2 protein chains.
Amino acid sequence: MTLAWTLTCSACDRTDDPAGLPEVCPLCGAPWLVRYAHPPAPDAKARLATRPWTMWRYREWMPLAADEEPVTLGEGGTPLLPAPRLAAALGLEALWIKDESVNPTGSFKARGLSAAVTRAKGGGARAFTIPTAGNAGVALSAYAQRAGIPVAVFAPTTTPPRILEQMRLFGANVQLLDGHIGDCGKVARQYAAERGAFDVSTLREPYRIEGKKTLGLEVAEQLGWTLPDVCIYPTGGGTGLIGMWIAFAALLEAGWVAGRAPRLFSVQSTGCAPVVRAFESGSARTEPWPDPWTVASGLRVPGPLGGPIVLRAIRETSGGAVAVSDEALSDAAQRMAGAEGIDAAPEGGATLAALELLLERGAVRRDERVVLFNTGAGWLYRS
Amino acid sequence: MTLAWTLTCSACDRTDDPAGLPEVCPLCGAPWLVRYAHPPAPDAKARLATRPWTMWRYREWMPLAADEEPVTLGEGGTPLLPAPRLAAALGLEALWIKDESVNPTGSFKARGLSAAVTRAKGGGARAFTIPTAGNAGVALSAYAQRAGIPVAVFAPTTTPPRILEQMRLFGANVQLLDGHIGDCGKVARQYAAERGAFDVSTLREPYRIEGKKTLGLEVAEQLGWTLPDVCIYPTGGGTGLIGMWIAFAALLEAGWVAGRAPRLFSVQSTGCAPVVRAFESGSARTEPWPDPWTVASGLRVPGPLGGPIVLRAIRETSGGAVAVSDEALSDAAQRMAGAEGIDAAPEGGATLAALELLLERGAVRRDERVVLFNTGAGWLYRS
């Protein structure tokens with residue numbers, strides 16, 4: 001199997017071959033980024049016309065060997081829904097919600113885990129482990145099942161019960177721990193070392209970003225190969241935002257779209273906002289957030305490994321980072337259901353609350369084309 | 001607005017104009033079927049290449065005026081997933097699961113209600129009502145919300161609590177009744193008459209079938225414009241099966257596919273199997289099923305209005321009807337999750353249990369191309 005890409009460290013100059021089961025840069029411990037040998041062939045765009053409606057339609061942009069079939073449940077191809085009522089209420093001209101709740105397993109995590117499980121299977125993984133605040137564990141459980149590979153999940157005891165139920169449905173060995181996802185991560189890494197399981201934690205392997213990249217490719221295709229002005233994205237571990245940043249840059253470089261990259265705004269909860277604090281203080285890296293808490297369990301990531309890359313992405317695109325309260329994000333999620341019929345996750349609600357804040361501050365103008373990302377289904381969070 | 005179709009009665013010779021809010025044939029009370037003035041233009045197939053991945057990509061096949069925008073949440077475009085592990089276990093060469101759980105609101109009902117709400121909005125409806133055993137009520141609530149039209153739902157007290165919760169999330173006025181969906185239907189019709197609400201019960205308006213038709217169009221496109229040999233479909237009200245029957249016939253007539261229509265098999269629960277009983281006794285219509293009960297709430301339809309059309313569809317295609325026990329369908333749903341990572345509804349599980357029965361009986365051969373339909377998400381049914 002020929003793998004037509006190399007791994008480049010996101011922090012130092014190291015590059016490496018992608019054979020086997022790469023994790024992070026052995027030199028500095030920072031996440032790998034994927035660099036492809038060739039840009040997609042000129043006819044790749046035309047080929048899309050006959051491809052199925054999943055994220056693997058962009059296979060020329062993805063870490064896949066020429067003859068390889070991905071581990072797929074039909075992830076991606078999610079709707080980009082105009083939100084006319086919310087737009088009117090806010091005085092906006094053009095507002096969309098990218099509705100990731102209709103992915104397999106109910107969230108955007110399906111994209112990253114489909115890519116990661118595909119590559120790990122190709123690299124010879126015989127078992128998986130992951131620390132998870134929720135949806136990533138559900139997605140990994142389903143994709144591992146689809147690949148026929150066992151999985152052990154380490155989750156905080158505070159994980160919503162429906163999310164735990166879904167993991168168990170897909171046959172995962174679920175272990176609950178007191179503490180947050182960072183604490184679970186330590187135990188998962190120990191488990192991986194002892195049992196020879198492959199750890200697919202956020203950014204501890206290179207391919208979840210590549211799956212998330214398709215969010216950006218899809219938005220561009222759905223807007224007729226144009227780019228929006230502003231993307232507002234809920235940020236826990238940060239792979240989605242990083243993936244879109246890379247996707248938009250690659251689309252511009254390949255000439256598939258014209259203009260400039262959208263301004264990327266990261267949204268966090270006031271109960272756990274390490275990226276916002278670092279952005280506001282001008283720092284290049286996040287500091288661990290003490291006693292993190294938010295109902296948006298996907299945002300409860302006190303020390304994201306990808307913090308420096310997220311900060312680079314929002315600064316280079318002239319975006320920003322804002323924190324909203326749990327009350328505001330929950331209320332906004334409810335309004336997405338009430339105004340547009342979308343059962344949004346709390347994290348999705350956070351993007352609407354953030355948009356309101358950004359309009360107030362003048363950081364987003366009412367004549368701009370704005371995309372909010374609802375990363376998952378609201379039902380998973382209810383008790 | 002020019003509506004380029006007429007309504008033809010499914011039982012007598014009556015035809016009618018589609019203006020306003022048509023219900024059933026005023027002469028005989030049977031459901032209307034839609035007949036289009038023209039087949040899709042020859043270039044309609046080529047136009048698909050640039051259309052979004054929702055059921056409305058087939059707008060030339062749909063009840064939509066030329067300049068009209070549908071009420072949409074991005075329904076359709078669901079994956080047709082190869083099921084290699086299940087196929088191997090059954091000794092089948094080619095088995096797919098059409099996974100409708102990733103529709104907005106978590107079920108195939110999204111298709112029918114998107115079409116019905118679109119047309120009812122065009123026809124001037126100011127309020128909706130529906131009797132529902134579950135998923136249809138969730139879908140109507142979301143689409144009505146998206147259209148800005150209020151809705152009253154009448155549901156059995158036995159409806160799964162999560163389904164009730166979803167309806168309320170989307171702002172529906174939910175009223176619980178002792179009894180089955182037939183009992184709820186009577187109250188809904190009375191409510192419609194008294195309050196001027198439009199009743200979107202299964203086959204009491206002509207357009208839910210048209211939405212379901214896209215299931216057949218999608219399967220054909222996903223198989224590269226070929227048809228499978230066998231479709232196994234869980235049948236409550238029957239719109240999905242009827243819709244596919246019409247779709248496959250229309251595709252053949254328009255020359256978009258070659259060969260012959262798939263054999264359609266209807267699956268019901270042994271606790272409520274009016275179609276199976278009528279099929280086996282050679283009758284042209286169903287008899288009301290006394291004391292209907294099944295955990296697959298969508299199959300708890302004791303006297304489907306579309307019974308005669310379903311029977312015609314399965315007979316004309318040389319298909320059939322089989323009943324499976326609640327135990328068998330629940331076990332099969334669990335195996336879909338365990339073997340393929342799909343969180344299937346009990347109704348979806350029923351199709352796998354039926355396939356096993358049909359293989360045993362020799363009604364389906366192991367070298368045939370078989371599609372199972374998982375009509376919804378399993379999580380909605382758990383307590």
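The shown structure was predicted, so the numbers you read here are calculated from the model rather than taken from an experiment. Chain letters run A, B, ... following the sequence lines, proteins first and then strands; every chain starts at 1.
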Quiz item: Counting distance only, does the side-chain N/O of B:Ser114 pair as donor-acceptor with the main-chain N or O of B:Ala110 below 3.5 Å?
Solution: no
Quiz item: With distance as the sole criterion, is a donor-acceptor pair present between the side chains of A:Thr226 and A:Arg369 under 3.5 Å?
Solution: yes
Quiz item: Side chain, backbone, both or neither: which part of B:Asn103 has an atom under 4.5 Å from a heavy atom of chain A?
Solution: backbone
Quiz item: Do NZ/NE/NH1/NH2 and the carboxylate oxygens of B:Glu100 and B:Arg111 come within less than 4.0 Å?
Solution: yes
Quiz item: Can a salt bridge be assigned to the pair B:Arg162 and A:Glu165 using a cut-off of 4.0 Å between side-chain N and carboxylate O?
Solution: yes
Self-check item: A:Thr118 OG1 to A:Leu64 CG distance, which is reported to the nearest 0.5 Å
Solution: 7.0 Å
Quiz item: By a 4.5 Å heavy-atom criterion (distance strictly below it), what part of B:Glu340 contacts chain A: side chain, backbone, both, or neither?
Solution: both
Quiz item: Of the backbone (N, CA, C, O) and the side chain (C-beta and beyond), which part of A:Gln334 lies under 4.5 Å from a heavy atom of chain B, both, or neither?
Solution: side chain
Quiz prompt | Chi angles and distances behind the side chain to side chain contact (heavy atoms under 4.5 Å, CB included) call for B:Trp96, B:Leu372 | solution = CA-CA 6 Å; B:Trp96 292 269; B:Leu372 307 180; over 6 Å; no
Quiz item: Do A:Thr159 and A:Ser297 pass the side chain to side chain contact (heavy atoms under 4.5 Å, CB included) test, and can you show the C-alpha distance, the side-chain angles, and the key distance before you say yes or no?
Solution: CA-CA 7 Å; A:Thr159 304; A:Ser297 55; 5.9 Å; no
Self-check item: Region of B:Arg51 that comes under 4.5 Å of a non-hydrogen atom in chain A
Solution: neither
Quiz prompt | Contacting moiety of B:Pro52, where chain A heavy atoms sit under 4.5 Å | solution = neither
Exercise. Heavy-atom pairs under 4.5 Å with chain B are the metric here; pick the option from A:Gly338, A:Ala83, A:Ala147 that has the most.
Key: A:Gly338
Quiz item: Quick one: what part of B:Ala339 sits under 4.5 Å from any heavy atom of chain A, side chain, backbone, both or neither?
Solution: backbone
Practice problem: Please state whether the rings of A:Trp61 and A:Trp256 are parallel, tilted or perpendicular, taking 30° and 60° as the class boundaries. | Solution: perpendicular
Practice problem: Check each atom of B:Pro82 against the heavy atoms of chain A and say whether the ones under 4.5 Å are side chain, backbone, both or neither. | Solution: both
Practice problem: Go through the atoms of A:Ala144 and report whether side chain, backbone, both or neither lie under 4.5 Å from a heavy atom of chain B. | Solution: neither
Self-check item: Under 4.5 Å from any heavy atom of chain A - which part of B:Ala377
Solution: neither
Self-check item: B:Ile342, part contacting chain A, at a heavy-atom distance under 4.5 Å
Solution: both
Quiz item: For B:Glu221 and B:Lys98, what are the C-alpha separation, side-chain angles and deciding distance, and is it a salt bridge (Lys or Arg N to Asp or Glu O under 4.0 Å)?
Solution: CA-CA 13 Å; B:Glu221 183 175 5; B:Lys98 179 71 172 163; over 6 Å; no
Quiz item: Side chain, backbone, both or neither: which part of B:Gln166 has a non-hydrogen atom closer than 4.5 Å to chain A?
Solution: side chain
Exercise. Go through the atoms of B:Thr72 and report whether side chain, backbone, both or neither lie under 4.5 Å from a heavy atom of chain A.
Key: backbone
Quiz item: Given a strict heavy-atom distance threshold of 4.5 Å, which part of A:Arg382 is in contact with chain B: side chain, backbone, both, or neither?
Solution: side chain
